[in-house]
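Scope of the values below: all heavy atoms of this structure, side chains included, with no hydrogens, waters or symmetry mates. Every chain is numbered from 1 and lettered A, B, ... according to where its sequence line falls, protein lines coming before strand lines.
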Amino acid sequence: MSVANLTRESRSITFSGNGILKSKHKWESGLKLRKNSSKDLRRLVFRAPCPIGTTNRFNWWSERSVDCRFDGTPAYFILEQWNYLKIESSNYRINYLYHFNKVEMKREKIADVLTNGQVGNDVLVKGWVRSFRANRFVAINDGSTIKNIQAVVDFENFDESLLKRITTASSVAVSGKIVASQGAGQAIEIAVEHVEILGDANPEEVQKTVMQPKKHSMEFLREQAHLRFRTNTFGAVFRIRHAVAYAIHKYFNDEGFYYLHTPIVTASDAEGAGETFNVTNFDPANPPLDENGAIDYSKDFFGKPVNLTVSGQLEAELGALALGQVYTFGPTFRAENSNTSRHLAEFWMIEPEVAFNDLKDNMDLTEMFLKYIAKYVLDNCSDDLQFLHDREVKEDAQKPTAERNELNLIDRLKFVVDNEFKRLTYTEAIEVLKRSKPYKKKKFKYPVEWGVDLSSEHERYLVEKEFKCPVILSDYPAEIKAFYMRQNDDGKTVAAMDVLFPGIGEIVGGSQREERLDILKSKCADFEIPEEDLWWYLDTRKFGTVPHAGFGLGFERMVMFATGMTNIRDVIPFPRTPQNAEF
RNA sequence: GCUUCUUUAGCUCAGUUGGUUAGAGCAUCUGACUGUUAAUCAGAGGGUCCCAGGUUCGAGCCCUGGAAGGAGCGCCA
């Protein structure tokens, strides 16, 4: 605490001889002294009737003294919580008294107190009450860590009406001394000297929310997405979500990539990645029409129909073909009516794009990148990860053996870090599937033939049954992939790759891009994409075209993998799905 | 969009062939207790049985229609 924090009070008091200054203010807390005679001031003794926060009983006294020397300059003393001043000398003038109405200690984050707190130190923490047990133990969480700090109040010395307001979900500021805990659950705790209620929480209303201290279903938590941050599970999920985002930026930065911001509003829907959300300023009931009765978009804000981006890839390619290696990391919008636990209408996507990379370089980059993220989370989120891990173990224990995870959360992350991804071509995958038991027993619902897109059941079989590790499938038939993917020499397949993760399915889709102008133009024709819509994209193939490759990672799918959450709506703060845009 | 399951107290769920006043655990409130950590003990309050219509002497339960949510599939990241 610095003196600058104090409010100066304009009064001057002169002492002659030993004396006691009794303050008018209950919590007078600082003073500035100036030597007023030749004699040295030896010692200041501060005396208090009782600690702040206890009831006003003057049944004991406590003293704290400060030795001091003056060299002519003013000296400051901080007398927090002491409201009597006794001066053991004479002839000193107190130039100023400083005071404030509450203890202005610096608030410390609970994470810091738990890791660095020294027994005997004074601390101030602020946070939300998770539980208040036995009228004595307040568990406080401030979001800095999944761990709560235990604040112990001697309820005998506190006002009952104050303690009544310490309820689940209320917010408090608590100060006191760090002491070694007598209980088993924690090493240190705060012996509370002062409690302030920052915000009350009516228990009758709290019990209707996800903050009531009990286990809740994921569906109920989702209905209260604005409050679910207060729970351990979602606290952990969103701290890990942040860590994954940071790890992504750190990886690319350290590898010399540039973060490229591609537009959210775009006229490009040529990629065919999916249905788009249209953006217009027209009054939907009364849009301007042209002479044919069609909506006249030339009068709209952008002068043509535009939509929210479905991918920043095409723009990222433009950047990569000058800056060398770039990545995007931004929101992406798909208006498909997808009702699954793996799809959102608004999600975040990471799309690196690297000049001079071929498909193998692309696979190497993907694998190193995904391993880096997994390792980063293991190294930096151990408390949150352990909580989610234990949660999953407990839930698995109640499921039949067949439905349990073969590896638990932490082991799955370690597995990704420690093991090579299995790489095989689409053609090889079809052969593996045709040799498989479910194929021979006709258990697959969808056909397995060269040329058809693999469905979830096939991908799951490869990842979860056959190889039991992340799988990179490559070289798909051209017909089932996008127009920009580079045609292989066989003329039938393209240099595409998908990374399949256990439990998640496709987490990454990427390819080497078609850099040859003539082939790209004929692909545009095949896919019925007008060249004039993509003139800017085709331009890069005219002026010093080079091989290049990139991929898209669904951010939320990565967070699902890192947290073990099984529904994508539980890894984004406010999910956007068909028929749902609450909050 | 398709298939399928679910909807009963604040939450998670029981509720028998259609039969009296719809239950439990947790949560909340009141009291007791006080070094607890899913605290304990005693008591209390709390219900549009998703909605609408129908069958029946009688419907939480049966029938018809609708709504919301979950899981799986398709599309994809």
Side-chain angles (χ1 to χ4, degrees), chain A residues 130-140 147-156 164 167-169 179-186 189 191 201-224 232 271-275 310-313 331-351 366 394 403 444-446 453-460 480-482 498-501 504-510 551-561 566-570 572 577-580 582:
Chain A
R130 284 294 177 80
S131 69
F132 186 24
R133 280 185 300 276
N135 214 19
R136 187 186 294 276
F137 304 100
V138 191
I140 303 171
K147 291 177 181 162
N148 302 328
I149 197 157
Q150 175 156 288
V152 184
V153 291
D154 286 315
F155 55 83
E156 301 87 349
K164 268 255 191 272
T167 57
T168 300
V179 297
S181 178
Q182 299 171 37
Q186 56 283 317
E189 62 194 20
N202 179 352
E204 304 272 356
E205 289 182 52
V206 168
Q207 74 146 340
K208 293 177 183 171
T209 73
V210 297
M211 294 178 294
Q212 74 163 260
K214 70 181 295 292
K215 195 176 185 312
H216 301 288
S217 68
M218 282 295 143
E219 292 78 28
F220 185 55
L221 285 155
R222 220 168 281 148
E223 285 169 18
Q224 297 185 19
N232 283 334
E271 197 208 337
E275 293 289 310
V310 293
S311 165
Q313 182 206 311
T332 312
F333 307 86
R334 306 265 168 97
E336 277 139 21
N337 188 15
S338 293
N339 293 292
T340 81
S341 52
R342 304 181 308 282
H343 289 87
L344 291 166
E346 176 184 293
F347 65 101
W348 289 65
M349 189 153 64
I350 298 97
E351 295 173 292
T366 311
K394 261 181 236 162
E403 289 175 26
F444 285 137
K445 200 173 151 194
Y446 291 88
D453 210 352
L454 299 179
S455 66
S456 301
E457 59 174 351
H458 306 135
E459 293 178 352
R460 291 183 95 119
I480 61 173
K481 287 289 179 182
D498 283 353
V499 180
L500 311 177
F501 263 34
I504 314 260
E506 184 178 346
I507 195 167
V508 163
F551 62 84
L553 167 70
F555 181 58
E556 281 77 18
R557 292 192 181 170
M558 189 67 212
V559 179
M560 283 172 83
F561 185 74
T566 53
N567 191 314
I568 200 163
R569 294 166 199 139
D570 298 328
I572 188 167
T577 52
Q579 299 299 311
N580 188 354
E582 195 63 53

Chemist: So which nucleotide from B:rA77, B:rU34, B:rC73 ends up closest to the side chain of A:N135?
Modeler: B:rU34

Chemist: Indicate whether OP1 or OP2 belonging to B:rU36 is found under 4.0 Å from a side-chain N or O atom of A:S131.
Modeler: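 No, A:S131 has no side-chain N/O under 4.0 Å of OP1/OP2 on B:rU36.
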
Chemist: Base, sugar-phosphate, or nothing for A:R222, non-hydrogen atoms under 4.0 angstrom?
Modeler: sugar-phosphate

Chemist: Can you tell me how far P in B:rC26 sits from the matching atom in B:rG43, rounded to whole Å?
Modeler: 13 Å

Chemist: Contact class for A:V210 vs. all strands (heavy atom < 4.0 Å): base, sugar-phosphate, or nothing?
Modeler: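 Contact class for A:V210: none.
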
Chemist: Would you indicate what A:H216 reaches in the nucleic acid, counting non-hydrogen atoms under 4.0 angstrom: base, sugar-phosphate, or nothing?
Modeler: sugar-phosphate

Chemist: Under 4.0 angstrom, heavy atoms only, what part of the nucleic acid is A:A139 near: base, sugar-phosphate, or nothing?
Modeler: nothing

Chemist: Could you work out which one of B:rU28, B:rU12, B:rG74 sits closest to the side chain of A:P203?
Modeler: B:rU28

Chemist: Rounded to whole angstrom, note down the C1' distance from B:rU55 over to B:rU8.
Modeler: 22 Å

Chemist: Please report the C-alpha distance between A:I507 and A:M558 in whole Å, then the side-chain angles of each, then the deciding distance to 0.1 Å, and finally whether the side chain to side chain contact (heavy atoms under 4.5 Å, CB included) criterion is met.
Modeler: CA-CA 7 Å; A:I507 195 167; A:M558 189 67 212; 3.9 Å; yes

Chemist: Remember a base hit wins even if backbone is also touched, and classify A:D154 as base, sugar-phosphate or nothing at under 4.0 Å, heavy atoms.
Modeler: nothing

Chemist: Hey, is A:F347 stacking on B:rA77? Ring centres under 5.5 Å, planes under 30°.
Modeler: yes

Chemist: For A:R130, report the nucleic acid contact type (base, sugar-phosphate, nothing); a contact means any heavy atom under 4.0 Å.
Modeler: nothing

Chemist: Determine the contact category for A:Q207: base if any of its heavy atoms lies under 4.0 Å from a base atom, sugar-phosphate if only primed atoms, P, OP1 or OP2 are that close, otherwise nothing.
Modeler: base

Chemist: If you only use heavy atoms from C-beta on, which nucleotide in B:rG35, B:rU34, B:rC75 is closest to the side chain of A:V152?
Modeler: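 Side chain of A:V152 sits closest to B:rG35.
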
Chemist: For A:E346, report the nucleic acid contact type (base, sugar-phosphate, nothing); a contact means any heavy atom under 4.0 Å.
Modeler: nothing

Chemist: Please figure out whether A:Q150 or A:N567 has its closest RNA chain B nucleotide nearer the 5' end.
Modeler: A:Q150

Chemist: Working to the nearest 0.5 angstrom, can you tell me the gap between A:I572 CD1 and A:E346 CD?
Modeler: 6.0 Å

Chemist: What is the nucleic acid contact for A:L344, judged by heavy atoms within less than 4.0 Å: base, sugar-phosphate only, or nothing?
Modeler: base

Chemist: Please determine whether a side-chain nitrogen or oxygen atom of A:R569 lies at a distance below 4.0 Å from atom OP1 or OP2 of B:rG70.
Modeler: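 Answer is yes, contact under 4.0 Å.
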
Chemist: Counting any heavy atom closer than 4.0 Å, what does A:S217 reach on the DNA or RNA strands: base, sugar-phosphate only, or nothing?
Modeler: sugar-phosphate

Chemist: Once you apply a heavy-atom cut-off of 4.0 Å, does A:Q212 come out as touching a base, just sugar-phosphate, or nothing?
Modeler: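 Contact class for A:Q212: base.
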
Chemist: Of the listed nucleotides (B:rU36, B:rC29, B:rG74), which one gets closest to any side-chain atom of A:S455?
Modeler: B:rG74

Chemist: Given atom CZ of A:R136 and atom P of B:rU34, what is their separation to the nearest angstrom?
Modeler: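 After rounding, the reported distance stands at 9 Å.
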
Chemist: On RNA chain B, nearest-nucleotide positions of A:Q182 versus A:E459: which is more 5'?
Modeler: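 Result: A:Q182.
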
Chemist: Under 4.0 Å between any heavy atoms, over every strand shown, what does A:E556 touch: base, sugar-phosphate, or nothing? Just pick one.
Modeler: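 Nothing, no nucleic acid heavy atom in range.
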
Chemist: For A:Y446, answer base if it contacts any base atom (sugar-phosphate contacts may also be present), sugar-phosphate if it contacts only those atoms, and nothing otherwise; contact means non-hydrogen atoms under 4.0 Å.
Modeler: sugar-phosphate

Chemist: Looking at every strand, decide which applies to A:T340 at a 4.0 Å heavy-atom threshold: base, sugar-phosphate, or nothing.
Modeler: base

Chemist: B:rA32 and B:rC11: how far apart are their P atoms, nearest whole angstrom?
Modeler: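 One P to the other, the span is 31 Å.
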
